[in-house]
Amino acid sequence: MTRLVLIGAPGAGKGTQGELLAQRWGLSHIATGDLLRAEVQAGSGLGQEVGGYLDTGTLVPDQVLLDLVLPLVHRAATGAGYLLDGFPRSVDQARRLDELAGAEAAVQRVLFLDVPRPELVARLLHRAAEQDRSDDTEEVIVRRLRVFDELTAPLIGYYRDAGLLSIIDASGSVQQVLAATLAAL
Ligand code: AMP
């Protein structure tokens with residue numbers, strides 16, 4: 001499996017597990033939140049366009065994401081493969097990805113990192129204390145979890161119906177979750 005998608009609520013550990021999995025197999029780790037934050041920090045045109053969405057915890061428009069991600073997906077698919085982290089984030093985005101990726105770049109497996117809600121909130125508040133992310137305030141955390149429930153969680157059914165989904169119990173330590181993920185693959 002070299003073309004993977006990680007799904008999880010904010011705080012589920014997508015970034016950490018994504019990095020470990022991508023390193024292990026030499027996959028391109030395409031983390032859309034990181035890419036967008038880098039644009040904001042660089043003060044690029046794209047960064048100025050998307051900064052407000054990130055600050056408020058709302059989704060950046062689909063076309064912006066598709067323009068950003070598709071070239072990376074196609075390039076990675078001709079190499080070692082990709083691990084998508086943070087995209088797709090809605091059924092609409094997943095449909096567009098299916099349409100535009102083509103057979104050679106199509107998603108092969110989707111891992112849903114499942115973490116109970118109270119633990120997610122605790123992890124996010126802990127991260128807020130450690131990192132300086134503009135979207136880790138309590139108000140924005142609540143909004144991001146709502147966006148996940150309304151727009152991203154339906155992806156679980158979408159990929160289950162497609163026969164691509166594995167659900168990982170991601171409530172343990174980093175090493176436990178990594179082991180569970182590797183076992184699922
Ligand atoms: P993350 O680091 O994955 O939690 O993403 C941080 C923020 O980046 C999100 O709250 C959104 O504002 C934006 N973002 C990241 N990925 C996407 C996506 N696939 N679609 C829309 N917005 C996104």
Side-chain angles (χ1 to χ4, degrees), residues 1-36 57-60 62 65-66 68-70 72-121 123-124 144-185:
M1 295 293 170
T2 57
R3 298 191 301 273
L4 307 175
V5 170
L6 271 187
I7 305 177
K14 295 190 302 296
T16 306
Q17 295 298 327
E19 216 164 288
L20 293 171
L21 290 170
Q23 255 173 27
R24 201 166 182 110
W25 290 307
L27 309 176
S28 297
H29 182 199
I30 305 173
T32 50
D34 289 348
L35 293 172
L36 294 169
T58 47
L59 293 191
V60 171
D62 289 351
L65 266 296
L66 289 162
L68 184 70
V69 165
L70 277 170
L72 301 176
V73 161
H74 280 123
R75 194 178 317 142
T78 63
Y82 60 74
L83 186 139
L84 279 168
D85 160 359
F87 179 92
R89 227 177 175 97
S90 66
V91 170
D92 281 347
Q93 289 184 1
R95 288 210 180 98
R96 296 297 303 280
L97 177 64
D98 284 349
E99 280 163 27
L100 298 171
E104 326 73 57
V107 174
Q108 292 173 304
R109 185 67 70 88
V110 178
L111 304 162
F112 170 52
L113 299 182
D114 193 16
V115 177
R117 188 57 50 108
E119 192 175 330
L120 281 179
V121 175
R123 287 187 191 180
L124 287 165
R144 288 165 63 219
L145 289 170
R146 202 166 61 220
V147 168
F148 174 80
D149 291 340
E150 286 172 8
L151 295 172
T152 310
L155 277 178
I156 297 164
Y158 179 84
Y159 284 123
R160 183 186 285 126
D161 292 349
L164 299 179
L165 185 76
S166 297
I167 297 180
I168 313 290
D169 173 2
S171 57
S173 70
V174 170
Q175 287 309 322
Q176 282 168 336
V177 178
L178 180 64
T181 306
L182 292 174
L185 289 167

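Source: prediction; values computed, not measured.
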For this session: In sequence, state the C-alpha distance, the side-chain angles, and the governing distance for L185 and W25, and then conclude on side-chain contact (heavy atoms from CB on, under 4.5 Å).
Result: CA-CA 12 Å; L185 289 167; W25 290 307; 3.4 Å; yes
Exercise. Looking at residues at least two apart in the chain, or sitting in another chain, which of them share a side chain to side chain contact (heavy atoms under 4.5 Å, CB included) with L100?
Worked result: L66, L70, R96
Exercise. Would you find a donor on one side and an acceptor on the other, under 3.5 Å apart, between the side chain of R3 and the backbone of Q108?
Worked result: no
Could you give the side-chain donor-acceptor pairs of residues 76-92 under 3.5 Å, partners two or more places apart or in another chain?
from: T78; atom 1: OG1; to: R75; atom 2: O; distance (Å): 2.7
from: Y82; atom 1: OH; to: A105; atom 2: O; distance (Å): 2.7
from: Y82; atom 1: OH; to: V107; atom 2: N; distance (Å): 3.4
from: D85; atom 1: OD2; to: H29; atom 2: NE2; distance (Å): 2.9
from: R89; atom 1: NH1; to: G86; atom 2: O; distance (Å): 3.1
from: S90; atom 1: OG; to: Q93; atom 2: N; distance (Å): 3.1

For this session: Specify the closest pair of heavy atoms between A94 and L155, including all atoms of both residues, with the distance to one decimal.
Result: CB-CD2, 3.5 Å
Exercise. Would you say L145 and V121 make side-chain contact, with heavy atoms under 4.5 Å?
Worked result: yes
For this session: Hey, could you give me the OG1/CG distance between T2 and L4, rounded to the nearest 0.5 Å?
Result: 7.0 Å
For this session: Provide the full list of salt bridge (Lys or Arg N to Asp or Glu O under 4.0 Å) pairs with a residue in residues 10-27, sequence neighbours left out, each pair given once.
Result: none
Problem set entry | Heavy-atom pair with the smallest gap, counting every atom of P154 and E150 | CG-O, 3.5 Å
For this session: Give, for atom CD of Q17 and atom OG1 of T181, the distance between the pair rounded to the nearest 0.5 Å.
Result: 5.0 Å
Going by atom type alone, with no hydrogens or angles, which donor-acceptor pairs under 3.5 Å involve a side-chain atom of residues 156-172 and a protein atom two or more places apart or on another chain?
from: Y158; atom 1: OH; to: D98; atom 2: OD2; distance (Å): 2.5
from: S166; atom 1: OG; to: R109; atom 2: NH1; distance (Å): 3.0
from: D169; atom 1: OD1; to: S171; atom 2: N; distance (Å): 3.0
from: D169; atom 1: OD1; to: S171; atom 2: OG; distance (Å): 2.7

Exercise. Listed by chain and number, what are the side chain to side chain donor-acceptor pair (under 3.5 Å) partners of E119, not counting sequence neighbours?
Worked result: R123
For this session: Tell me, please, which residues at least two apart from R144 pass side chain to side chain contact (heavy atoms under 4.5 Å, CB included).
Result: P10, L124, R127, R133, D135, D136, V140, I141
Problem set entry | Distance in Å, I30 CD1 paired with L27 CG, rounded so as to fall on 0.5 Å steps | 9.5 Å
For this session: Please report the C-alpha distance between L68 and V60 in whole Å, then the side-chain angles of each, then the deciding distance to 0.1 Å, and finally whether the side-chain contact (heavy atoms from CB on, under 4.5 Å) criterion is met.
Result: CA-CA 11 Å; L68 184 70; V60 171; over 6 Å; no
